[in-house]
Amino acid sequence: MVVRRNGFVVLVPAKSPGTAKSRLSALRPQERRLLAAAFATDVVDACLASAYVVEVRVVSDDPVFAATLVARGAVGCADPGGGLNAALRHAAHLAHHDHPGLQPVALCADLPALRPADLDAALSQAAGTGEAWFVRDADGTGTTLYTAPFDAFDPRFGAGSAERHEAAGCRQPQGALPTLRRDVDDVAGLRAALALGVGPATARVATSLPPSP
C-alpha cells in the first residue's frame with residue numbers, strides 16, 4: 001500500500017447497535033438498532049471515499065457488527081474497555097504500530113449525513129500542521145471529530161467535550177461543514193440529518209420509520 005503524504009487513519013467507535021442510540025426513545029428498539037448500524041455504515045463509506053483517509057479502523061465491542069464494516073473495507077479493532085477515550089487511544093496505538101506515517105482521527109459513528117467533501121475540508125486544514133484539531137457538533141457543545149499527531153493524541157470526548165478540547169489548545173477548521181457537524185443524539189438530530197440528506201444505508205432504514213418519529 002502506498003501511503004499518501006499527510007494521510008490519516010480514521011478511528012470510528014461503533015457500539016453494538018443493540019445498545020446504541022438509546023436517546024431515540026420515540027422509536028422502537030428494533031428501529032434504533034437498525035439506525036445505529038446504518039449510521040456507522042454510512043460513516044465508514046464516507047471515510048473510505050475521502051481523499052485524505054488511508055485507512056478506517058472500527059473500534060467495537062460487537063465483533064459480529066464490526067465484521068459487516070470490515071467487509072466494506074474497514075479494519076476491525078476490539079474495544080478493550082475503559083471508556084470511549086481509552087478505546088480511541090488503544091486504536092491509535094495499534095494504527096501507529098502498523099502505519100507510523102499516518103495521523104489518527106477520532107470520528108463519531110453517528111454522522112449519517114457525512115459527505116466526503118466536508119471531511120476532506122476539515123482534514124486538509126489539519127494535515128501537516130503538527131497540531132491538534134477538533135470539530136464542534138451542530139449543537140456547539142460536543143465534538144464530532146478530533147485529530148492530533150500520534151504523540152499528542154489525547155481525545156476528550158464526553159459531555160462538554162468541545163469546551164475541553166478548546167481548553168486543551170485544539171484548533172478548529174474554518175467552514176460550515178454541516179454534514180460533519182450533524183451528529184444524531186435524539187429525534188431532533190435525526191430530523192436535521194434527514195433534511196441534509198443521509199447516506200444510502202440510513203436512507204433505506206428511514207423509509208420504514210413512522211412519518212414523524
Side-chain angles (χ1 to χ4, degrees), residues 8-24 27 29-50 53-99 102-114 116 119 123 134-135 137 142-148 150 153-159 161 179-180 182-186 189-190 193 198-205:
F8 294 84
V9 55
V10 177
L11 315 174
V12 179
K15 293 172 62 177
S16 173
T19 61
K21 299 293 110 187
S22 60
R23 289 172 61 186
L24 290 171
L27 302 178
Q30 173 69 356
E31 293 167 338
R32 294 198 298 270
R33 185 186 69 78
L34 291 173
L35 277 175
F39 292 172
T41 297
D42 285 330
V43 166
V44 166
D45 286 352
C47 290
L48 290 171
S50 164
V53 175
V54 177
E55 184 176 277
V56 179
R57 294 210 171 199
V58 174
V59 189
S60 182
D61 57 356
D62 185 336
V64 175
F65 173 55
T68 68
L69 301 177
V70 169
R72 305 185 77 84
V75 174
C77 177
D79 186 336
L84 173 58
N85 294 313
L88 290 169
R89 288 191 292 270
H90 171 72
H93 176 79
L94 295 178
H96 182 70
H97 178 270
D98 293 340
H99 305 294
L102 299 182
Q103 179 164 314
V105 180
L107 183 71
C108 292
D110 59 353
L111 304 169
L114 180 64
L119 180 58
L123 294 181
F134 83 102
V135 174
D137 66 9
T143 301
T144 61
L145 178 151
Y146 166 83
T147 185
F150 173 72
F153 188 75
D154 185 23
R156 305 183 183 198
F157 286 90
S161 62
T179 69
L180 180 55
R182 183 65 277 168
D183 55 350
V184 176
D185 290 324
D186 51 28
L190 176 59
V198 295
T202 303
R204 284 192 293 270
V205 175

Value for CZ (R57) from CG (D98), rounded to nearest 0.5 Å, stands at 4.5 Å
With sequence neighbours left out, the residues meeting side-chain hydrogen bond (donor to acceptor under 3.5 Å, both in side chains) with S60 are none
Please report the interatomic distance CZ(F8) to CG(L107), rounded to the nearest 0.5 Å. 12.0 Å
Got a sec, which pairs hit salt bridge (Lys or Arg N to Asp or Glu O under 4.0 Å) with one end in residues 81-97, sequence neighbours left out? R89-D154
Closest non-hydrogen atoms of V205 and A38, given as atom of the first, atom of the second and distance, are CG2-CB, 3.9 Å
Using the test side-chain hydrogen bond (donor to acceptor under 3.5 Å, both in side chains), find all partners of R182 that sit at least two apart in sequence or belong to another chain. none
Among all residues two or more places apart in sequence or in another chain, which pass the side-chain hydrogen bond (donor to acceptor under 3.5 Å, both in side chains) test with T179? D118
Over all heavy atoms of both residues, which pair between V198 and A203 is shortest? Give the atoms and the distance, please. CG2-N, 3.6 Å
Counting N and O atoms only, with roles assigned by atom type, does the side chain of S161 sit under 3.5 Å from a partner on the main chain of T143, one being a donor and the other an acceptor? yes
Would you check, one step at a time, whether the test side-chain contact (heavy atoms from CB on, under 4.5 Å) holds for L119 with V105? CA-CA 11 Å; L119 180 58; V105 180; 5.5 Å; no
So which atom in P104 and which in F153 form the shortest heavy-atom distance, rounded to 0.1 Å? CG-CD1, 3.5 Å
Minimum heavy-atom separation for V56 to C47, with atom names? CG2-CB, 3.6 Å
Distance-only donor-acceptor hits, side chain of residues 77-86, under 3.5 Å, sequence neighbours excluded:
| unit_1 | atom_1 | unit_2 | atom_2 | d |
| --- | --- | --- | --- | --- |
| D79 | OD1 | G81 | N | 2.8 |
| N85 | OD1 | F157 | N | 2.9 |
| N85 | ND2 | F157 | O | 3.1 |

Just jot down the salt bridge (charged side-chain N to carboxylate O under 4.0 Å, His left out) partners of R204, sequence neighbours excluded, or say none. none
Correct closest heavy-atom pair for V43 and C108 would be CG1-O, 3.8 Å
Dump the intermediate steps for side-chain contact (heavy atoms from CB on, under 4.5 Å) on V54 and V9, then the final yes or no. CA-CA 6 Å; V54 177; V9 55; over 6 Å; no
Rounded to the nearest 0.5 Å, what separation is found between the CZ atom of R156 and the CG atom of L88? 13.5 Å
Check the pair L48, V53 against side-chain contact (heavy atoms from CB on, under 4.5 Å), reporting the backbone distance first and the verdict last. CA-CA 7 Å; L48 290 171; V53 175; 5.6 Å; no
Using the test side chain to side chain contact (heavy atoms under 4.5 Å, CB included), find all partners of V70 that sit at least two apart in sequence or belong to another chain. none
pair L34-P17: side-chain heavy atoms closer than 4.5 Å: no
What pairs meet the ring pair (Phe, Tyr, Trp, His ring centres under 6.0 Å) rule with one or both residues in residues 54-97, with sequence neighbours excluded? H96-F150
Enumerate the side chain to side chain donor-acceptor pair (under 3.5 Å) contacts for residues 62-75, please, sequence neighbours excluded, ordered by first and then second residue. S16-D62, D45-R72
Mind listing the closest non-hydrogen atom pair of A109 and P13 along with its distance? CB-O, 3.3 Å
For L114 and L180, run side-chain contact (heavy atoms from CB on, under 4.5 Å): C-alpha distance rounded to whole Å, both residues' side-chain angles, the deciding distance at 0.1 Å, then the answer. CA-CA 5 Å; L114 180 64; L180 180 55; 3.8 Å; yes
Residues in side chain to side chain contact (heavy atoms under 4.5 Å, CB included) with D183, at least two apart? D110, L111, D137, T144, D185
